[in-house]
Asks: 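Sharing a structure, written as structure tokens. Questions coming.
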Protein chains: 2
Amino acid sequence: MLLSKSCVYGLRASIYLASKSDEEFNSIKEMSDKLEISFHFLTKILQQLTAESLMESYKGPKGGIRLTKKGREATLLDMVIAIDGPELFTQCALGLPGCGSATPCPLHESWIETRASIQGMLERTTLSELAREGKQNKFRLMADGSFNWD
Amino acid sequence: MLLSKSCVYGLRASIYLASKSDEEFNSIKEMSDKLEISFHFLTKILQQLTAESLMESYKGPKGGIRLTKKGREATLLDMVIAIDGPELFTQCALGLPGCGSATPCPLHESWIETRASIQGMLERTTLSELAREGKQNKFRLMADGSFNWD
DNA sequence: TCTATTTAAGAGTTTATTGTCTTAAATATA
DNA sequence: TATATTTAAGACAATAAACTCTTAAATAGA
Ligand code: FES
Ligand code: FES
């Protein structure tokens, strides 16, 4: 799979949050219910993102999580790298250490091009854009189309 | 990672075999030594490929493995699908079931395009080509450049 | 035929990923 | 201040991926 499950969950949550008001803290429990993601697992992933200042959380009643300014302006690539790390965009397609034109493997030329196209696609896409389009076109954010963008 | 380790090992072995004579059976032990891949693990991966008629093996002294005609004409995509399955090229980037334009997620349009570019890159590249170029340019097939194409 | 060699097959182990559960810390509100 | 609510943190469990080991089957060559 291109992205880990953690990453995919993190992206879905990010898009969810991007579709919400900037100020309000959103309950993780409610989000995990709506997106059908394990609550505790999602919490851990979001903690990674708060550690990277892409989100911020607030404890207690009325508490929850929201995107920071940085997070709202972030691209999918930023989120992916925060969760899965940059390896996908730096590593050799054949898993050899030190991918580079100095010591290319047979796939190198093709791969750096394809890799750049993956990266470019993630870089071009901002969370707010995605959330806006998702809301507008009622794209789904969970298995069945039952997700409600409000 | 884009491809599983099994897949990457399988690809490296496939390129290795493509650089060898069509008729001779190549010792898996020798190949696993040269490519620095666990012998038993590699054997299992190659068994998958023989099951798909991309390779054929022969037991006993002077035994080994070689590409079939089908295997020699195969593209990287064929090898990848034989080992990792077609999921990478059919599944939703957000892991939602049933990726398709009928029930798109917010990433769908971008992803099918990028996915096609990955597939295209693997499809364009045949094993024999890769082996020929690798041999010619002494591209590396293992960690250090010490691999010898003969 | 006997032995050594090599792949096949399957059980078992280790490690990483994914997911669950419990307890602690913060905080709003009664 | 006491309680309920919510995230934080870490231990724990289940599953999957990666890797190892053992035994069986095929076969070349002595
Ligand atoms: S060295 Fe293999 S892709 Fe760059
Ligand atoms: S439905 Fe998500 S990528 Fe197609």
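Letters A, B, ... mirror the listed sequences (proteins, then strands); counts begin at 1.
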Asks: Might you work through the salt bridge (charged side-chain N to carboxylate O under 4.0 Å, His left out) test for B/Lys20 and B/Glu24, ending with a clear yes or no?
Replies: CA-CA 8 Å; B/Lys20 300 287 183 181; B/Glu24 279 183 36; over 6 Å; no
Asks: Regarding C/dT18, can its base be found pairing with the side chain of A/His40 as donor and acceptor, where the two atoms are less than 3.5 Å apart?
Replies: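 Side chain to base: no pair present.
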Asks: Rounding to an integer number of Å, can you tell me how far B/Ile45 CD1 sits from C/dA9 P?
Replies: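 That distance rounds to 15 Å.
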Asks: Listed by chain and number, what are the side-chain hydrogen bond (donor to acceptor under 3.5 Å, both in side chains) partners of A/Glu30, not counting sequence neighbours?
Replies: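 In terms of side-chain hydrogen bond (donor to acceptor under 3.5 Å, both in side chains), with neighbours along the sequence ignored, A/Glu30 is linked to A/Lys34.
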Asks: Calculate the interatomic distance between B/Leu42 atom CG and C/dA9 atom C1'; express it in whole Å.
Replies: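 Roughly 16 Å, once rounded to whole Å.
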Asks: Under the rule for side-chain hydrogen bond (donor to acceptor under 3.5 Å, both in side chains), what residues qualify as partners of A/Ser146, not counting sequence neighbours?
Replies: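 Result, side-chain hydrogen bond (donor to acceptor under 3.5 Å, both in side chains) vs A/Ser146: A/Asp144.
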Asks: Measure the shortest side-chain to side-chain distance between B/Met1 and A/Met1 over non-hydrogen atoms and say whether it is less than 4.5 angstrom.
Replies: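 A side-chain contact is absent here, since even the closest heavy-atom pair is not under 4.5 Å.
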Asks: Kindly calculate the angle separating the two end axes of the helix from C/dT1-D/dA30 to C/dA30-D/dT1, each obtained from five base pairs, and round it to 10 degrees.
Replies: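 For the helix from C/dT1-D/dA30 to C/dA30-D/dT1, the axes at either end differ by 10°.
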Asks: With B/Glu109, which residues qualify under side-chain hydrogen bond (donor to acceptor under 3.5 Å, both in side chains), at least two apart?
Replies: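 Counting only residues at least two positions away or on another chain, B/Glu109 forms no side-chain hydrogen bond (donor to acceptor under 3.5 Å, both in side chains).
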Asks: Using atom NZ of B/Lys44 as one end and atom P of C/dG12 as the other, report the distance to the nearest whole Å.
Replies: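 The answer, rounded to whole Å, is 13 Å.
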Asks: Mind running a 4.0 Å heavy-atom check of residues 10-34 of chain B against DNA chain D and sending the residues that fall below it, in number order?
Replies: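 Result for residues 10-34 of chain B: none.
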Asks: If a pair satisfies ring pair (Phe, Tyr, Trp, His ring centres under 6.0 Å) and one of its residues is in residues 89-117 of chain B, list it, with sequence neighbours excluded.
Replies: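 Ring pair (Phe, Tyr, Trp, His ring centres under 6.0 Å) check on residues 89-117 of chain B returns no pairs.
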Asks: Please check: side-chain N/O of B/Asp84 versus main-chain N/O of B/Ile81, any donor-acceptor pairing under 3.5 Å?
Replies: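 Checked: no pair found.
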Asks: For residues B/Phe139 and A/Thr103, determine if any side-chain heavy atom of one lies less than 4.5 Å from a side-chain heavy atom of the other.
Replies: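 The answer is no; the side chains never approach within 4.5 Å.
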Asks: At a heavy-atom distance below 4.0 Å, which nucleotide of DNA chain D is the first touched by chain B, and which is the last?
Replies: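 Listing 5' to 3', DNA chain D meets chain B from D/dA18 to D/dG29.
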Asks: Determine, stepwise, if the pair B/Leu49 / B/Leu67 fulfils side-chain contact (heavy atoms from CB on, under 4.5 Å).
Replies: CA-CA 9 Å; B/Leu49 294 171; B/Leu67 289 166; over 6 Å; no
Asks: A/Tyr9 side chain N/O closer than 4.0 Å to the phosphate oxygens (OP1, OP2) of C/dT18?
Replies: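 False: A/Tyr9 side-chain N/O out of range (4.0 Å or more) of C/dT18 OP1/OP2.
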Asks: Only counting residues at least two apart or in another chain, list the ones meeting side-chain hydrogen bond (donor to acceptor under 3.5 Å, both in side chains) with B/Arg66.
Replies: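 B/Arg66 satisfies side-chain hydrogen bond (donor to acceptor under 3.5 Å, both in side chains) with B/Glu56 only.
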Asks: Which residues within residues 46-61 of chain B lie with some heavy atom under 4.0 Å of an atom in DNA chain D?
Replies: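 The answer is B/Tyr58, B/Lys59, B/Gly60, B/Pro61.
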Asks: What pairs of residues pass the side-chain hydrogen bond (donor to acceptor under 3.5 Å, both in side chains) test when at least one of them lies in residues 116-129 of chain A, not counting sequence neighbours?
Replies: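 Listed by first then second residue: A/Ser117-B/Ser117.
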Asks: Residues two or more places apart in sequence or in another chain: which of them pass salt bridge (charged side-chain N to carboxylate O under 4.0 Å, His left out) with B/Arg72?
Replies: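 Salt bridge (charged side-chain N to carboxylate O under 4.0 Å, His left out) list for B/Arg72, sorted by chain: B/Asp22.
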Asks: Taking CZ from B/Phe41 and C1' from C/dA11, how many angstroms apart are they, rounded to a whole number?
Replies: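 Going from B/Phe41 (CZ) to C/dA11 (C1'), I get 16 Å.
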Asks: Can you measure A/Ile83 atom CD1 to C/dT17 atom P for me and round it to whole angstrom units?
Replies: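 The distance from CD1 of A/Ile83 to P of C/dT17 comes to 14 Å, rounded to the nearest Å.
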Asks: Going by the ring pair (Phe, Tyr, Trp, His ring centres under 6.0 Å) test, which pairs reach into residues 24-55 of chain B, not counting sequence neighbours?
Replies: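 Listed once each, the pairs are B/Tyr9-B/Phe41, B/Phe25-B/Tyr58.
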